[in-house]
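Notes to accompany the following structure.
Protein chains get the first letters and strands the later ones, always in sequence-line order, with residue 1 at the start of each.
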Amino acid sequence: MTSQRPVRVRYAPSPTGDPHVGNIRTAIWAWLHARHTGGQFLIRIEDTDQSRKVEGSVERILASLEWLGLDWDEGPDIGGPYGPYVQSERLDLYRAAADRLLAGRQAYRCFCTPEELDAMRARQREQKRPPGYEGRCRNIPPEEAADRGAREPHVVRFAVPEGGVTVAEDLLRGPIEVANDTLDDFVILKSDGFPTYHLAHAVDDPAMQITHVTRGDEWLPSLPRHALLFDALGEPRPIYVHTPIILAPGGGKLSKRHGAKSVLEYAEDGFLPDAVLNFLCITGWGYGDETVFSRERLIEVFEIENLSLNPATFDMDKLTWLNGVYLREMPVETLAEMIAQRLERELPADVYRPLDRGLVEEATPLIQERIQTLADVTPLVDFFWQSEVPTPPADAFLQKKFRGQPVEAARLLTASARTVEATDPFEAAVLEERMRALAAELDVKVGDLFTLVRVAVTGRRVTPPLFESMEIVGQGVCVDRIDAAAAMLAEVPQPEPS
RNA sequence: GCUCCCAUCGUCUAGCGGUUAGGACGGCACCCUUUCAAGGUGCAGACAGGGGUUCGAUUCCCCUUGGGAGCACCA
């Protein structure tokens with residue numbers, strides 16, 4: 001138990017689309033870090049690239065967090081003491097910071113055109129030299145630069161100190177050293193007046209009193225730049241936590257193809273928020289021998305310094321299994337509600353709505369331990385709602401013991417129909433007892449007999465428990481379907497016993 | 001090409017100088033069983049390689065190899 005002061009952490013997505021699981025995992029960890037220490041979690045929208053902005057993203061991002069049950073203390077929708085929480089509304093702050101650096105000659109105006117920069121990079125590639133800005137505009141006298149700056153388009157670049165080494169600390173990795181010569185003069189203010197990520201980060205995180213910057217480790221190479229920037233601005237550096245990325249199952253980058261889906265898509269696919277939260281959290285983090293963690297348990301034991309450093313592979317099988325665990329542990333009433341919603345959406349249009357809730361509640365316990373996601377529900381129980389279940393083709397019956405034995409199958413089904421018909425009261429337990437007795441009487445294995453009946457009544461070889469299902473379907477319908485199947489099989493021509 | 005990061009079963013991980021290297025998913029076998037599940041039991045399966053440091057390295061250091069990331073007026 002490490003004693004930790006309350007932290008202030010943030011999730012700072014750019015509104016360029018739905019957050020995918022790798023991205024949201026970092027948010028989960030930051031959120032847990034905040035909740036574990038009794039600190040604050042806030043959201044800041046990083047929309048400094050107008051061209052990449054996607055309409056509706058902010059809403060989708062917030063909806064994603066809400067679905068996962070991650071609540072925030074300050075953010076674009078609810079405001080807070082350090083707002084605004086949208087970077088495009090904070091341009092004055094970035095401008096002021098850039099001006100300060102300019103005045104202190106820690107930054108300079110650069111008038112190189114994109115074409116010139118392209119040419120420079122081409123030259124560097126040709127000469128096998130590392131790419132990077134070479135400082136053409138660094139030595140323009142400040143007065144002249146300011147003068148030109150009033151008329152000409154330009155960017156502002158940070159003047160990286162020449163020589164020396166910059167050391168920056170990552171909470172998980174310790175000090176990271178980089179020679180300043182390997183750093184080029186990066187842009188901090190774009191020609192359109194918007195800041196780059198670097199400047200926005202160095203301005204906003206201190207302004208918002210952020211104690212720990214949790215972000216993807218693709219930022220690690222930029223860490224020294226940020227350290228330099230913070231120093232130049234006279235801001236104390238935050239504690240950095242760079243989190244590893246998630247890999248696709250085959251290895252390599254996680255793409256839409258391999259589960260880099262957005263969290264909202266997982267909701268669609270029938271996954272539960274708690275299961276996704278649990279899964280994402282434990283891919284890249286572990287706590288002793290535990291695997292299944294409730295939300296409360298995660299808040300209790302999650303320590304951000306225990307994050308794993310190696311990139312994790314997204315294990316879809318494990319997510320699916322974990323979702324099944326949550327489904328099974330859920331109170332039946334809660335599950336029934338979710339199943340009802342699924343069925344309302346997925347059952348064929350010709351099924352009468354609203355659905356009979358009593359039926360849903362009867363069916364739910366039958367399938368609770370048979371589903372791994374809510375998407376498994378409908379195919380498993382739809383026959384309960386189908387008034388017309390067509391008799392399946394003969395092949396569905398004539399498997400295993402009954403291969404080539406349509407007459408025998410028909411005979412057993414007919415006998416079953418009579419037994420089902422005579423069962424009173426028509427309850428699963430009674431039915432089972434009678435059918436077992438029938439199997440003994442006819443000298444067939446119960447499994448063989450029950451399979452015939454199962455296929456006749458449900459149209460499937462795999463179903464929820466047979467007698468409970470039959471009770472739900474109803475006596476008359478069961479008898480009709482079994483008789484229909486027997487009649488159909490009686491028509492099948494016997495194979496020539498050649 | 002340059003810079004940085006990472007390295008325990010197939011996968012996610014525990015381990016933080018001395019362990020029969022533990023757990024989970026997945027796989028296999030058996031049990032239970034009306035199908036399918038669920039559940040139970042068991043089995044197979046890892047410290048990338050080489051140097052050091054140390055009485056002793058999975059653990060600390062270096063190199064190699066292998067992965068990954070970055071090198072934009074994107075974040």
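- Within the nucleic acid shown, A:P311 comes within 4.0 Å of sugar-phosphate atoms alone, with no base atom in reach, counting heavy atoms only.
- Test A:D47, A:D204, A:D49 against A:Q87 for side-chain hydrogen bond (donor to acceptor under 3.5 Å, both in side chains) and you get one pass: A:D204.
- B:G10 and B:C25 make up a base pair, with Watson-Crick or G-U wobble contacts both under 3.5 Å.
- In this structure, the CD1 atom of A:I282 is 9 Å from the C1' atom of B:U13, given to the nearest Å.
- In this model, a side-chain donor or acceptor of A:R454 finds a partner on the base of B:U34 within 3.5 Å.
- When the C1' atom of B:C73 is taken as reference, atom CG of A:D192 falls 7 Å away, rounded to whole Å.
- Atom CH2 of A:W321 is separated from atom C1' of B:G39 by 14 Å (rounded to the nearest Å).
- Taking atom CD of A:E290 as the reference point, atom C1' of B:A24 lies 12 Å away to the nearest angstrom.
- Straight-line distance between the C1' atoms of B:U33 and B:C47: roughly 41 Å, to the nearest whole Å.
- The pairing partner recorded for B:C4 is B:G68, the criterion being a Watson-Crick or G-U wobble arrangement whose two distances lie under 3.5 angstrom.
- Where A:E177 and A:P195 meet RNA chain B, the nucleotide closest to each residue was compared, and A:E177 sits on the side nearer the 5' end.
- Of the candidates A:W285, A:F302, A:F279, A:W285 is the only one forming a ring-ring contact (aromatic ring centres under 6.0 Å, His included) with A:F293.
- Using the Watson-Crick or G-U wobble rule with both distances under 3.5 Å, B:U34 pairs with nothing in any strand shown.
- If you take CZ of A:F194 and P of B:C74, they are 11 Å apart, rounded to a whole angstrom.
- Using a 4.0 Å cut-off between charged nitrogen and carboxylate oxygen, A:R460 and A:D382 count as a salt-bridge pair.
- For B:A57, there is no paired base (Watson-Crick or G-U wobble, both distances below 3.5 Å).
- Each of B:U35, B:C6, B:C73 was ranked by its minimum atom distance to the side chain of A:N310; first place goes to B:C6.
- For CZ of A:R434, the number of neighbouring non-hydrogen atoms (other residues, nucleotides, ligands) closer than 6.0 Å is greater than 12.
- In the interface, the side chain of A:R370 is paired with the base of B:C36 through a donor and an acceptor atom under 3.5 Å apart.
- Comparing the same atom, P, in B:A29 and in B:A44 gives a spacing of 15 Å after rounding to whole Å.
- Here the P atom of nucleotide B:U35 and the NZ atom of A:K445 are 10 Å apart, to the nearest Å.
- Side chain A:T283 to base B:C12: no donor-acceptor pair is found below 3.5 Å.
- The listed nucleotides are B:U13, B:G70, B:C25; the one nearest the side chain of A:A312 is B:U13.
- For the pair A:N323 CG and B:A37 P, the interatomic distance rounds to 17 Å; values are reported in whole Å.
- Checked against B:G1, B:A75, B:A24, the side chain of A:S14 finds its nearest nucleotide in B:A75.
- With hydrogens and angles ignored, the 3.5 Å screen pairs no side-chain donor or acceptor of A:Q368 with any backbone N or O of A:V332.
- In this entry the distance linking CG of A:L307 with P of B:C5 reads 18 Å, nearest Å.
- Using a 4.0 Å heavy-atom distance criterion, A:R328 is classed as a sugar-phosphate-only contact.
- Looking at heavy-atom distances under 4.0 Å, A:P465 makes contact with a base.
- Just one of A:D170, A:T26, A:D217 meets the side-chain hydrogen bond (donor to acceptor under 3.5 Å, both in side chains) condition when paired with A:H242; it is A:D170.
- Here A:P464 lies in heavy-atom contact (under 4.0 Å) with a base.
- A:R121 comes within contact range of the sugar-phosphate backbone alone, with a heavy-atom separation under 4.0 Å but no base atom that close.
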